[in-house]
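For reference, the structure discussed in these notes is given below.
Both backbone and side-chain heavy atoms feed into the values below; hydrogens, waters and symmetry mates do not.
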Amino acid sequence: MQRRELLKFSLTMLGAAAGASVSRALLAGEALHNGSANTVFNTGQRKAVELLSEMIIPTTDTPGAIAAGVPDFIAAIVGDWYKPAERKIFMQGLLALDEYCASNGGKSFAESGEAVRIDALKAQEAAAAEYKGPQPLRLRKPAEDENAPFFKRLKELVVLGYYTSEVGATQELAYLPMPGYYDGSYDFDKIGREFTH
């Protein structure tokens, strides 16, 4: 399966769970390249995105987010696909992490120790938990929310970027190109009736 096909399949599977901006990129059928043409992050922000990606999906017995190219995926989505309001929220979230770390250790997020970085991320998670977005009407998919908080966007991008990568799809997940099996000699007497389709 090619990455383009995997991205389209992922959108189908995620449905309303995928954010509006990511959905736009996936619907366009874009194979996201390594590194965004739009260099949206400076060096410190890029390092922060790498650290955040690996904090959410670390390397264990399978490769982590960095090995899967998630920071490049995030740069492509934020730089090339996010609307200005969405990009602003993401960049403000990175700034808020730096400010938290500076007030709790005098360094930026990328330069801080692991304990301070974890506390900073927990503060963003707590802020995101308080956010109340638009509520969907009954039997309708959730409305697109361009004002979703930084932490929600970050998790969405890391998870989607990881599991649509070759590493995530083949080394983390059990890759089964054709689920199930075909038994041409199945004894229908065991069930009494044939299946209908």
Is the backbone N or O of [Y] less than 3.5 Å from a side-chain atom of [X], with the two atoms forming a donor-acceptor pair by type?
{"X": "Glu50", "Y": "Ile66", "value": "no"}
{"X": "Glu130", "Y": "Ala127", "value": "no"}
{"X": "Glu54", "Y": "Ala65", "value": "yes"}

Considering only NZ, NE, NH1 and NH2 on the basic side and carboxylate oxygens on the acidic side, decide whether Asp72 and Arg46 come within less than 4.0 Å. yes
Do the side chains of Val116 and Met55 join up, straight or via other hydrophobic residues, at under 4.5 Å, putting them in one cluster? no
ILVMFWY cluster, Ile89 and Leu121 together (side-chain gap under 4.5 Å): no
Where is the tightest heavy-atom contact between [X] and [Y], given as atom of each residue plus distance?
{"X": "Arg87", "Y": "Tyr82", "value": "NH2-O, 2.8 Å"}
{"X": "Tyr162", "Y": "Gly64", "value": "CE1-O, 3.5 Å"}
{"X": "Ala148", "Y": "Arg153", "value": "O-NE, 2.9 Å"}
{"X": "Val70", "Y": "Ser53", "value": "CG1-OG, 3.6 Å"}

I want to check something: taking the side chain as every heavy atom from C-beta on, are [X] and [Y] in contact at a cut-off of under 4.5 Å?
{"X": "Leu154", "Y": "Leu52", "result": "yes"}
{"X": "Leu94", "Y": "Phe41", "result": "yes"}
{"X": "Leu157", "Y": "Val78", "result": "yes"}
{"X": "Val158", "Y": "Lys155", "result": "no"}
{"X": "Tyr131", "Y": "Lys152", "result": "no"}
{"X": "Val40", "Y": "Phe90", "result": "no"}

Listed once per pair and sorted, the side chain to side chain donor-acceptor pair (under 3.5 Å) pairs that draw on residues 95-118, sequence neighbours left out: Ser108-Glu111
Residue pair Ile118, Lys122: steps toward the side-chain contact (heavy atoms from CB on, under 4.5 Å) verdict: CA-CA 6 Å; Ile118 289 171; Lys122 284 181 178 179; 3.8 Å; yes
Start with the C-alpha distance between Leu95 and Phe150, add both sets of side-chain angles, then the distance that settles side-chain contact (heavy atoms from CB on, under 4.5 Å), and finish with yes or no. CA-CA 11 Å; Leu95 180 61; Phe150 168 75; over 6 Å; no
